[in-house]
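Below is one structure. I have some questions about it.
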Amino acid sequence: MNMRKTKKSIAIILGILILVAASVTTGYMIQVRTSEKQSKSVSAYKGMKNASSQSKVEQRPESAVNNETIEQEQPAKTLVREFKDGPLKYNDKGVPILYYHSIDYEKGNELRLPKEKFREQMQYLKANNYTTLTLGELYEFIQNNKPIPEKSVVITFDDGYEDNYTNAFPILKDFGFKAAVFMISSNVDNTQFKVLKSTELKEMEENGVEIESHTVNHDKLSELSYNDQLKTLKDSKEFLGKVLNKKIDYICYPYGMFNKDTIKASKEAGYIMGFTTVGGWADKNDGIYTLNRVYVSAFDSMEKFKRSLTNPNYDRK
Ligand SMILES: [Zn+2]
């Protein structure tokens, strides 16, 4: 018997065995991942809540799905700090999410807040030791009960007015504040309107202002078919993701309009958290895809602004 031949055939048999073992394992892993995905996608949308809208600017949502039980993926790369000092709170309490539009005075337009008034509000937040949360921190708080400072606030802007860059951004930087802009994706680099350009979006994103989706064309989601909703949710996510080279995780529904399909389509498109225009502080009972926000009108007094930050049941309108 030739020893070299025997050794060679043993080596071949071993090789085949390893290959078979490897392919069986891979197949198994693929199966496990697929069934994981399937079990995620069939997660039930539990419970309905009647949404009572407070804002007269954007339309009232019809209903919200309480989806806090849905399994979630983790946010992409947004900053999530560990808060340890000072009084903290957990998600049995809420957090005010302010929402603005334009930061530029225009007579008689409640959507356009003069920048001086915006600075005064930011100054108030600073003087009173408020922490401005990133959307990732908000997500971790609502979804995973990660504690946040008792005096926390989230600052958001809808639509993507260019004055968010020229007027609001320098003020936010002065105070070292985090914020987020929900951008209408078809408006990026549109020279017909005073809207944010891709260079401005990138600069803001790199300096503490997250850019997230507000659909492609400021679409009235609840008036669209499921597939059309999915399309605008996906397309805006993909477009902004390319511009900013990041995963777009969050969606804000234009006019505050959404329905059950919107929640389902947002999830299918890959968003992990959604924002409405229903007034009041956001908390876990809202559902992660249907978070309340605090509307800041240009007509509001400083006293009202303070009340909306200190009282979860401020005089909403
Ligand atoms: Zn809007």
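For the single chain, residues carry numbers from 1 onward in sequence order.
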Worksheet entry | Lys247/Glu212 ion pair, N-O < 4.0 Å |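 The answer is no: the pair does not qualify as a salt bridge.
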Fill in: Atom of Ile142, atom of Ile288 and distance for their closest heavy-atom approach
CG2-CD1, 3.6 Å
Worksheet item: Of all heavy-atom pairs between Leu88 and Phe83, which one has the smallest distance, and what is that distance?
Response: CD1-O, 3.4 Å
Worksheet item: If you measure from the Lys or Arg side-chain nitrogens to the Asp or Glu carboxylate oxygens, is any gap between Arg112 and Asp163 under 4.0 Å?
Response: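 Looking at Asp163 together with Arg112, the answer is yes, because their closest N to O distance falls below 4.0 Å.
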Worksheet item: Donor-acceptor pair, Asn144 side chain versus Glu140 backbone, under 3.5 Å?
Response: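 Here the side-chain-to-backbone pair does not exist.
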Worksheet entry | Lys264 charged N/C atom sitting above Tyr226 aromatic ring, 6.0 Å / 45° | yes
Worksheet item: Can Asp300 and Arg307 be counted as an ion pair, charged N to O under 4.0 angstrom?
Response: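 The answer is no: the pair does not qualify as a salt bridge.
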Worksheet item: Any cation-pi pair here, Lys115 with Tyr105, using under 6.0 Å and within 45°?
Response: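 No, Lys115 does not sit over the ring of Tyr105.
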Fill in: Cation-pi geometry met for Lys146 and Phe141 (6.0 Å, 45°)
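Here Lys146 fails the 6.0 Å and 45° test against Phe141.
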Identify every side-chain donor-acceptor pair in residues 121-129 under 3.5 Å, counting partners at least two apart or on other chains, and give the distances.
residue : atom : partner : partner atom : Å
Gln121  : OE1  : Tyr100  : OH           : 2.6
Lys126  : NZ   : Phe175  : O            : 3.0
Asn128  : ND2  : Tyr124  : O            : 2.8

Worksheet item: Do Glu238 and Lys242 meet the salt-bridge criterion of a basic N to acidic O distance under 4.0 Å?
Response: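 A salt bridge links Lys242 with Glu238.
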Worksheet, complete the sentence: By ring-ring contact (aromatic ring centres under 6.0 Å, His included), Tyr165 pairs with (sequence neighbours left out) Phe169
Practice prompt. Output yes when a side-chain donor or acceptor of Asp159 lies under 3.5 Å from a complementary backbone atom of His101, and no otherwise.
Written response: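 Not confirmed, Asp159 side chain does not pair with His101 backbone.
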